[in-house]
*Asks:* 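Structure incoming, see below.
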Amino acid sequence: MTERRVPRVRVRFAPSPTGDLHVGGARTALFTWLFARHSGGDFILRVEDTDRRRYVEGSAAGIVESLQWLGLEWDEGPIFQSERLPIYQEHANWLLEHDHAYECFCSPGRLEQVRAGQRARGEPPGYDRHCRSLTPQEIDEQRRLLAQEGRNPVIRFKMPESGTTVVDDLIRGPITFENRLLEDAVILKSDGFPTYHLAAMVDDHLMEISHITRGEEWLPSAPLHVQIFRAFGWEMPVLVHPPVILRPDGKGKLSKRDGAVGVLEYKRKGYLPEAMNNYLVLLGWSAGDQEFFSTDDLIERFELADVSASPARFSFDKLLWMNQHYINHVLTLEDLTARCVPYLVAAGLVPAAAEDPASPEHARVREVVTLVKDRLKTLTEVVELTDFFFTDGAEATEEYATETLVPRKTEPAAVRAGLERTRATLVGADLDDEAGTEATLRALADELGLKAGQLFMPIRVAVTGRTVSPGLFETLRVLGKDRVLARLDAAIAKLATYRSQASPAG
RNA sequence: GCCCCCAUCGUCUAGAGGCCUAGGACACCACCCUUUCAAGGUGGAGACCGCGGGUUCGAAUCCCGCUGGGGGUACCA
């Protein structure tokens, strides 16, 4: 019995530096990375920067940052294709010498003309193989003419003109293409740079890639890639084309136009990489029962072959929900605190010293975060939800409209009296005793003939400046007596000059 | 136009011939909890498994056609 050698799993994520890393690309990267980790193989980062016109400065750095943020660390790379030009040129020449490629001297203008004609006649547009059958003399002549213009020919791959090419995709099965409908693609451009078709295939072979994972949009050119491997006599890696991600409305691929699609945008907006990964992996893959996965769970359970072949729509809603779930129920308090601090520091609410987990400032943030943990959907929201805990006195909370102090069906005078009595009561109270504060204020409401809410809401607005806040008694405790009293005073003062706009109905 | 892929609640999906009078999650609605808002709990509405043919004792599950959606059609990736 001969044992079949099972090649080591080696996969790569190969983005082109033409912009930010999109969630679609991030998902492909995630699938690829999980597959590598699951099978104990290697994950390589390769930057496909072979198009000088579309190159965007800083884009590669952004992609690197995105992957790092998501925790998709690579074992090799980043490798830049632009630094490997001679390799591709050598391979193009090899194909030329072995009759698998030919020089094409056609001008862009002629190519456009050919396509226009084909379209008009209802034929599939494509290169008409004009230069494929040039005689050696004609080739020399064309070279000379082109050289006079200071231009170079391109090199095209010779596709078989008949028969079929079978592309065997891991998640779709075998797909058969008619060779006569395929064209002779350019593999080396006139500027000496390779096109994707040559560069990616050469690299995938040289880097011993076992599985080519890439977006579904590459499926139509897969037969070309199979033929390139065949021409070189190389063993074909397994092809894997996860589906594209659709816009929320399903009309087309998710793109920049649809708002937030850049991974770094989500980082900035206070999303957690854990939530991002968890959401993304569920877009096209499922373990059946489970909904939440730690990275280790995923590495253990993820199967590339189980990825769905049908495209899924991106849901901002569900991502947000997932993020909230991680903040509310997965992160430890300490972890959440540490992640909130930078946002509070950036907003100028807490000193940079709070970055130190042992600092009193950090402890203070932790105390505050405890109260809003269940209310945060994103990390950035911590600023608007808790700013009043970090400002002193009453200035920062005085912005609210006085009328918000007065609940429906409640007389302003009663509110004012209630706040005055509350102030008098709290002066001597121990705010650390939440239950005690609650009992005291409930009794006070009773005594004033008010429902609890009719007294609590004005207090809430007075001390927080808003109608929505964490629980009142824990808020009072964390605020501390100084702030509470100062803000009650400010509210009472506002009410002193307040005239009810509309008399309460009923 | 041509080529290719895909097709279960609005959305993400479970389902690999009988376990399905189709399960879960998001969103939505109601109720409970309740000092606001959340979170949480309970329940509800929501899919004749795109349509039409087959195969089979039996199909969401297999086959064919149609329709619909998506992708590709560059000296871009």
Side-chain angles (χ1 to χ4, degrees), chain A residues 14-18 48-51 53-54 104 106-108 111-112 115 118-127 151-156 167 169 172 175-178 181-183 185-191 193-197 199-200 214-223 241 243-244 246 248-253 279 282-292 308-315 317-322 324-325 328-329 372-377 385 407 438 441-442 445 451-457 459-461 464 466-473 475:
Chain A
S16 64
T18 53
E48 314 226 314
D49 52 348
T50 56
D51 185 353
R53 281 186 309 201
R54 292 209 313 155
C104 172
C106 297
S107 67
L111 296 178
E112 190 43 56
R115 275 193 290 268
Q118 287 163 330
R119 249 186 279 270
R121 272 169 280 134
E123 293 168 14
Y127 180 54
R151 291 169 39 217
N152 299 308
V154 300
I155 296 179
R156 286 182 183 273
V167 170
D169 183 272
R172 295 159 203 272
I175 303 164
T176 304
F177 292 80
E178 293 281 342
L181 298 171
L182 273 15
E183 63 176 317
V186 171
I187 55 175
L188 198 74
K189 301 180 251 186
S190 55
D191 63 1
F193 278 65
T195 59
Y196 169 89
H197 309 301
R214 56 182 10 178
E216 185 187 4
E217 63 272 18
W218 289 107
L219 210 41
S221 53
H241 295 93
V244 293
L246 266 22
D249 63 8
K251 297 193 192 309
K253 263 203 294 196
Y279 173 70
L282 253 20
L283 229 47
W285 178 80
S286 153
D289 47 350
Q290 204 173 327
E291 181 106 20
F292 302 108
S308 164
S310 68
R313 302 183 189 194
F314 192 79
S315 164
D317 277 356
K318 195 155 184 176
L319 205 212
L320 187 60
W321 163 77
M322 181 67 78
Q324 173 171 241
H325 175 87
N328 294 183
H329 306 294
V372 294
K373 194 169 163 34
D374 286 344
R375 296 166 173 80
L376 286 177
K377 285 188 167 70
L385 252 36
E438 177 167 4
L441 293 180
R442 279 188 192 283
K451 282 195 260 183
Q454 287 179 297
L455 178 62
F456 294 174
M457 186 51 86
I459 299 175
R460 178 192 319 284
V461 173
T464 69
R466 64 203 72 194
T467 55
V468 172
S469 82
L472 183 57
F473 311 106
T475 298

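Residue numbering restarts at 1 for every chain, and letters A, B, ... go by the order of the sequence lines.
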*Asks:* Just jot down the ring-ring contact (aromatic ring centres under 6.0 Å, His included) partners of A/Trp321, sequence neighbours excluded, or say none.
*Replies:* A/Phe292
*Asks:* Which part of the nucleic acid does A/Ala309 contact within heavy-atom distance under 4.0 Å: base, sugar-phosphate only, or nothing?
*Replies:* sugar-phosphate
*Asks:* Describe the nucleic acid contact of A/Phe473 in one word from base, sugar-phosphate, nothing, applying a heavy-atom distance below 4.0 Å.
*Replies:* base
*Asks:* Considering only the C1' atoms, how many Å lie between B/A59 and B/C20, rounded to the nearest integer?
*Replies:* 11 Å
*Asks:* Test of understanding: with salt bridge (Lys or Arg N to Asp or Glu O under 4.0 Å), list the residues that count as partners of A/Asp51, not counting sequence neighbours.
*Replies:* A/Arg54
*Asks:* Going by salt bridge (Lys or Arg N to Asp or Glu O under 4.0 Å), name the residues that satisfy it together with A/Arg53, two or more places apart in sequence or in a different chain.
*Replies:* none
*Asks:* Would you please name every residue forming a salt bridge (Lys or Arg N to Asp or Glu O under 4.0 Å) with A/Arg115, sequence neighbours left out?
*Replies:* A/Glu112
*Asks:* Which whole number of Å gives the distance between the P atom of B/G10 and that of B/U35?
*Replies:* 39 Å
*Asks:* Which value, in whole Å, describes the distance between the C1' atoms of nucleotides B/G46 and B/G71?
*Replies:* 31 Å
*Asks:* Please check if any side-chain donor atom of A/His241 sits under 3.5 Å from a side-chain acceptor atom of A/Arg172, or the reverse.
*Replies:* no
*Asks:* Once you round to the nearest 0.5 Å, how far does OG1 of A/Thr467 lie from CZ of A/Arg460?
*Replies:* 8.5 Å
*Asks:* Quick one: side chain to side chain donor-acceptor pair (under 3.5 Å) partners of A/His197, sequence neighbours excluded?
*Replies:* A/His225
*Asks:* Need one value for A/Pro243: base, sugar-phosphate or nothing, where a base atom within 4.0 Å counts as base even if backbone is also close, heavy atoms only.
*Replies:* nothing
*Asks:* Just the rounded figure in Å: distance from P of B/C4 to CD of A/Glu178.
*Replies:* 8 Å
*Asks:* Kindly assign one of parallel, tilted or perpendicular to the pair A/Trp218 and A/Tyr196, based on the angle between their ring planes and the thresholds 30° and 60°.
*Replies:* parallel
*Asks:* For A/Ser308, give me all partners under side-chain contact (heavy atoms from CB on, under 4.5 Å), at least two apart in sequence or on another chain.
*Replies:* A/Ser310
*Asks:* Under 4.0 angstrom, heavy atoms only, what part of the nucleic acid is A/His329 near: base, sugar-phosphate, or nothing?
*Replies:* sugar-phosphate
*Asks:* Considering only the C1' atoms, how many Å lie between B/C49 and B/A22, rounded to the nearest integer?
*Replies:* 8 Å
*Asks:* Just by protein heavy atoms under 4.0 Å, how would nucleotides 68-77 of chain B read 5' to 3' in B, S and -?
*Replies:* --SBSSSBBB
*Asks:* Can you tell me how far C1' of B/A39 sits from NZ of A/Lys377, to the nearest Å?
*Replies:* 10 Å
*Asks:* Return the value, rounded to whole Å, for the distance between atom CZ of A/Arg460 and atom C1' of B/C37.
*Replies:* 8 Å
*Asks:* Could you go over nucleotides 45-52 of chain B and give all protein N or O partners under 3.5 Å, atom names and distances?
*Replies:*
none

*Asks:* Taking N or O atoms only and anything under 3.5 Å, show me the protein contacts with nucleotides 23-30 of chain B, one pair per line.
*Replies:*
from	atom 1	to	atom 2	distance (Å)
B/A25	O4'	A/Glu291	OE1	3.2
B/A25	O2'	A/Glu291	OE2	3.0
B/A25	N3	A/Lys318	NZ	3.1

*Asks:* Rounded to whole Å, how long is the line connecting atom CG of A/Leu320 with atom C1' of B/C12?
*Replies:* 16 Å
*Asks:* Using whole Å, what does the distance between atom P of nucleotide B/A39 and atom CE of A/Met322 come to?
*Replies:* 15 Å
*Asks:* Taking atom P in both B/G40 and B/C51, what distance in whole Å separates the two?
*Replies:* 36 Å
*Asks:* When all nucleic acid strands are considered with a 4.0 Å heavy-atom cut-off, which category describes A/Arg313: base, sugar-phosphate, or nothing?
*Replies:* sugar-phosphate
*Asks:* List in chain and number order the residues that pass salt bridge (Lys or Arg N to Asp or Glu O under 4.0 Å) with A/Lys377, two or more places apart in sequence or in another chain; answer none if no residue qualifies.
*Replies:* none
*Asks:* Over how many whole Å does the gap from A/Asn328 atom CG to B/C37 atom P extend?
*Replies:* 17 Å
*Asks:* With sequence neighbours excluded, tell me which residues meet ring-ring contact (aromatic ring centres under 6.0 Å, His included) with A/Phe314.
*Replies:* A/Tyr279, A/Phe316
*Asks:* Residues in side chain to side chain donor-acceptor pair (under 3.5 Å) with A/Ser286, at least two apart?
*Replies:* none
*Asks:* Quantified in whole Å, what is the P atom distance between nucleotide B/G70 and nucleotide B/U8?
*Replies:* 14 Å
*Asks:* Are there more than 12 heavy atoms of other residues, nucleotides or ligands under 6.0 Å from atom NZ of A/Lys451?
*Replies:* no
*Asks:* Within less than 4.0 Å of OP1 or OP2 of B/C37, is there a side-chain N or O belonging to A/Arg375?
*Replies:* no
*Asks:* Regarding A/Leu472, tell me which of base, sugar-phosphate or nothing describes its non-hydrogen contacts under 4.0 Å with the strands shown.
*Replies:* base
*Asks:* Using atom C1' in both nucleotides, what's the gap between B/G18 and B/G58 to the nearest angstrom?
*Replies:* 7 Å
*Asks:* Could you tell me how far apart A/Leu455 (CG) and B/U35 (P) are, to the nearest whole angstrom?
*Replies:* 13 Å
*Asks:* Starting at the 5' end of RNA chain B, which residue's closest nucleotide do you reach first, A/Ser286 or A/His325?
*Replies:* A/Ser286
